[in-house]
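One structure below.
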Amino acid sequence: MKVVIKKDYEEMSDYAAEVIAQAVRSKPDCVLGLATGSTPCGTYAKLASKHKQGLDFSRVKTFNLDEYLGLAIELDKPYALDQSYARFMHEEFFNHVNIRKENIYLPNGRPEDPGEFCAWYEQEIKKAGGIDLQLLGIGGDGHWAFNEPGSSLSSRTRVVELSAQTIDDNYESFYKVSGIEKEKMPRQAITMGIGTILESKQLLMIASGEKKADVVARALQGPVTSEITASAIQIFKGNASVVLDEPAAAQLKNC
Ligand code: PGA
């Protein structure tokens, strides 16, 4: 695992975007695994600028990590009223690059049969040849995607219950500004599993800010445990990079 420490959020985002751009340049039809949350917004903005300078996404396929269960993408609604991750991805990234609609895979927040949908999503990842590069954040509770504490490290795409901490964190970051009451937030989600994520060929994890310092140190240097599912990065067999800003790296030892 390669740990890269950058001065601030801006430089972290620059570095992460360049890792993704290199993957696209070296394999124009690569399969990217994408993440949501406040951390990757800067990375997506930098990728949009690279696209303006010629970076071509026309053959790239993307698979997103997760989606709230019960929300459907509603592109005709004002942003604040649609807190789906599908909407987030269009606003933050897809609308700014030349990715083709048919190459975008997002977990469906309102599947008729969630179990069937999860199996289909796994199959589509396999059919695409697997994920070449998976972008990941880390939750305040140590999660990757919505693999909350207690999720098996061999878990697959499935329906999960959100932890109290994730509900609090996401309310503060997203729902509060939208005026949606905390009680009305979704309590469940569809998420790729840790086992699914670990089958990617390359991982790129990003984290920013002192609020993440403790959980980052526990994930990277503590025991590998399903209580902090991002600690699975320590048993990943492929090429993994962790890009942190200085505040997020503050509690790492001997790094
Ligand atoms: P954040 O979320 O980027 O909003 O901190 C990260 C995550 O939950 O993976």
Side-chain angles (χ1 to χ4, degrees), residues 6 8-10 12-13 15-17 20 32-47 63-69 71 79 83-89 91-93 106-107 131 134-151 155 157 160-178 180 182 185-194 196-198 200 203-220 226-233 240-245 247-251:
K6 292 288 171 185
D8 53 21
Y9 180 77
E10 181 81 14
M12 177 207 75
S13 303
Y15 189 97
I20 297 170
L32 298 178
L34 298 180
T36 48
S38 37
T39 315
C41 291
T43 304
Y44 291 140
K46 307 269 178 197
L47 284 172
F63 286 88
N64 260 80
L65 284 171
D66 47 10
E67 178 62 284
Y68 292 109
L69 199 63
L71 297 191
Y79 198 2
Q83 287 292 332
S84 69
Y85 281 170
R87 172 60 176 260
F88 172 98
M89 287 307 301
E91 295 282 338
E92 299 292 331
F93 185 50
L106 292 151
I131 291 169
Q134 176 66 58
L135 176 64
L136 296 153
I138 177 170
D141 62 1
H143 69 205
W144 262 354
F146 275 137
N147 291 283
E148 303 291 42
S151 298
S155 51
T157 303
V160 291
E161 305 287 324
L162 301 181
S163 74
Q165 184 172 351
T166 294
I167 290 169
D168 286 350
D169 289 349
N170 289 8
Y171 175 70
E172 288 300 324
S173 301
F174 297 103
Y175 280 83
K176 204 169 170 177
V177 288
S178 73
I180 297 172
K182 199 168 175 183
M185 277 180 65
R187 293 294 196 261
Q188 289 187 312
I190 287 188
T191 185
M192 271 190 214
I194 297 295
T196 321
I197 293 168
L198 291 177
S200 309
L203 300 182
L204 171 62
M205 179 173 138
I206 54 176
S208 164
E210 63 174 342
K211 258 177 71 181
K212 294 282 171 74
D214 175 58
V215 81
V216 162
R218 288 197 287 151
L220 303 191
S226 63
E227 290 306 309
I228 297 177
T229 55
S231 66
I233 197 158
S241 304
V242 182
V243 191
L244 308 168
D245 62 10
Q251 292 190 34

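Counting convention: from 1, in listed order, for ligands and their atoms alike.
With Asn147 as the partner, the side chain to side chain contact (heavy atoms under 4.5 Å, CB included) test is satisfied by one option alone out of Leu65, Ile228, Ile194: Ile194. Residue Tyr9 is tested with Pro247, Ser38, Cys41 for a side chain to side chain contact (heavy atoms under 4.5 Å, CB included); the sole match is Cys41.
Residues Leu204 and Ile20 are in side-chain contact: their nearest non-hydrogen atoms beyond the backbone lie under 4.5 Å apart. Between Thr166 and Glu148, some side-chain heavy-atom pair lies under the 4.5 Å cut-off.
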Kindly indicate, with the supporting measurements, whether the criterion side-chain contact (heavy atoms from CB on, under 4.5 Å) is fulfilled by Leu162 and Phe146. CA-CA 7 Å; Leu162 301 181; Phe146 275 137; 3.5 Å; yes

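The distance between the ring centers of Tyr68 and Tyr175 falls below 6.0 angstrom.
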Could you list, one pair per line, each nitrogen or oxygen of ligand 1 together with any protein nitrogen or oxygen closer than 3.5 Å, giving atom names and the distance rounded to 0.1 Å?
from: ligand 1; atom 1: 3 (O); to: Ser38; atom 2: N; distance (Å): 3.2
from: ligand 1; atom 1: 3 (O); to: Thr39; atom 2: N; distance (Å): 2.9
from: ligand 1; atom 1: 3 (O); to: Thr39; atom 2: OG1; distance (Å): 2.4
from: ligand 1; atom 1: 4 (O); to: Ser38; atom 2: N; distance (Å): 2.9
from: ligand 1; atom 1: 4 (O); to: Ser38; atom 2: OG; distance (Å): 2.8
from: ligand 1; atom 1: 5 (O); to: Lys212; atom 2: NZ; distance (Å): 2.5
from: ligand 1; atom 1: 8 (O); to: His143; atom 2: NE2; distance (Å): 2.7

